[in-house]
2 protein chains.
Amino acid sequence: MVVARLPQYARVLSQLLEERVEVVNSDQLGERLQITPAQIRKDLSYFGRFGKQGRGYSVRRLLDELNQILGLDRSWNVAVVGVGRLGRAVLSYPGFAPAGFKIVAAFDTSAALVGQQVGNLTVQPMEELDQTVSQHSISIAIVAVPSSQTQQVIDRLVACGVKAIVNYAPTTPLVRKGIRIENIDPVLALQSMTYYLAQDRLWSN
Amino acid sequence: MVVARLPQYARVLSQLLEERVEVVNSDQLGERLQITPAQIRKDLSYFGRFGKQGRGYSVRRLLDELNQILGLDRSWNVAVVGVGRLGRAVLSYPGFAPAGFKIVAAFDTSAALVGQQVGNLTVQPMEELDQTVSQHSISIAIVAVPSSQTQQVIDRLVACGVKAIVNYAPTTPLVRKGIRIENIDPVLALQSMTYYLAQDRLWSN
């Protein structure tokens, strides 16, 4: 899916901009991204004509256009639900703010955690979800709760008007049409690599 | 890519097995996975004939076959490099062992962390990487070091014989052909969702 690759293009273009590279062609982008130049040209042509045949792309112009397409020309307010070990790692992750994702609220179902200070935020009870989501115009949530609670928490978020969810639990929650969900799961990442390792094993034995 | 979806099939089949479901058809799998039944039939046919027309798939047989294809019918030794906040969250994540991924060693470049006890492991210096990787037949590593160190650490791992890497740093490291790498980055996940949110905004304004 091309949309999943666009953020990677934007990231590499940002790196190029920092390196003061002004023009880049699909071969160079391809090498950095390990994607074929043909695929890159196809992906970018899908969103309009950015480059001129044989001349390459203007790094800054392409980056600006991609950021606009991806909705990255603005900032987004984000809520984190679940402040266990993983939720705390998420809250302290320094990569969100520079990318325009502002974590403005943290929630937990456990009464023992509610009221605790985590970084700049005070952990709120789930009862305050509705009000906080509408007050801060939160359209994105990061969910780091145990699998058994995930579906229920996600249903609550969707009911409050959250439109996009990153889920860290090793489950595949159901959401209605129009709601975006991305599941982040290191086990799935490992499992899709062992396929290749197992094939190597077959050939080398 | 079909291989990336197979672990998700295996996960849902495991859940079905726990629920004592014996036979499943592509419609039911599709609903659980939010993938079209046609895509599921296509994916599974690519790896051989598992089901009979109109009868559905035997849950146990399909799961066994998928596990074998994915190399999940055995266990894998894994090393973690980087034991900062994220690395510690990885080391304490309870999902790896039941899935057959045994974290057998932890490394860090910082002398302050070497020798510390994290769970059952003692943090080792990078100098011991070579010996430990070959001693424990480690073919998979999880890298949770800062972006600035990522490429260097991954080069070291590959030189020691590690074949598959999960990278948590927000960079796109280069690896030679034959080495598998999966980048886990919540920012990229967020960024591919804001595209849709931004489109919604265009339509609703």
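First the proteins, then the strands, lettered A, B, ... as listed; each starts at 1.
- For Val175(A), the parts lying under 4.5 angstrom from a heavy atom of chain B are both the backbone and the side chain.
- Contacts of Ser92(A) with chain B are made by side-chain atoms alone, with heavy-atom separations under 4.5 Å and no backbone atom involved.
- Most heavy-atom pairs under 4.5 Å with chain A: of the set Asn183(B), Leu174(B), Leu86(B), this distinction falls to Leu174(B).
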**Criterion side chain to side chain contact (heavy atoms under 4.5 Å, CB included) on Val166(A) and Met193(B), from CA distance to verdict** = CA-CA 9 Å; Val166(A) 173; Met193(B) 297 196 302; 3.5 Å; yes

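- Heavy atoms closer than 4.5 Å to chain B are found in the backbone of Glu31(A), but not in its side chain.
- Residues Ser137(B) and Asn77(B) share a closest heavy-atom pair of O-CB, 4.2 Å.
- The stretch residues 99-121 of chain B places Ala99(B), Phe101(B) near chain A, each with some heavy atom under 4.5 Å from a heavy atom of that chain.
- Heavy-atom pairs under 4.5 Å with chain B were tallied for Val12(A), Ile165(A), Thr171(A); the largest tally goes to Ile165(A).
- Contact annotation for Ile140(A): only side-chain heavy atoms (C-beta onward) come within less than 4.5 Å of a heavy atom of chain B.
- Ranked by heavy-atom pairs under 4.5 Å with chain B, the list Ala189(A), Pro173(A), Ala89(A), Pro170(A) is led by Pro170(A).
- Minimum heavy-atom separation, Tyr195(A) to Ile69(B): CD1-O, 3.2 Å.
- Within 6.0 Å of CD in Gln15(A) there are more than 12 heavy atoms belonging to other residues, nucleotides or ligands.
- Contacts between Pro94(A) and chain B at a heavy-atom distance below 4.5 Å are absent for every atom of the residue.
- With a threshold of 4.5 angstrom between heavy atoms, Ile184(B) approaches chain A through side-chain atoms but not through N, CA, C or O.
- Contact annotation for Leu190(A): both backbone and side-chain heavy atoms come within less than 4.5 Å of a heavy atom of chain B.
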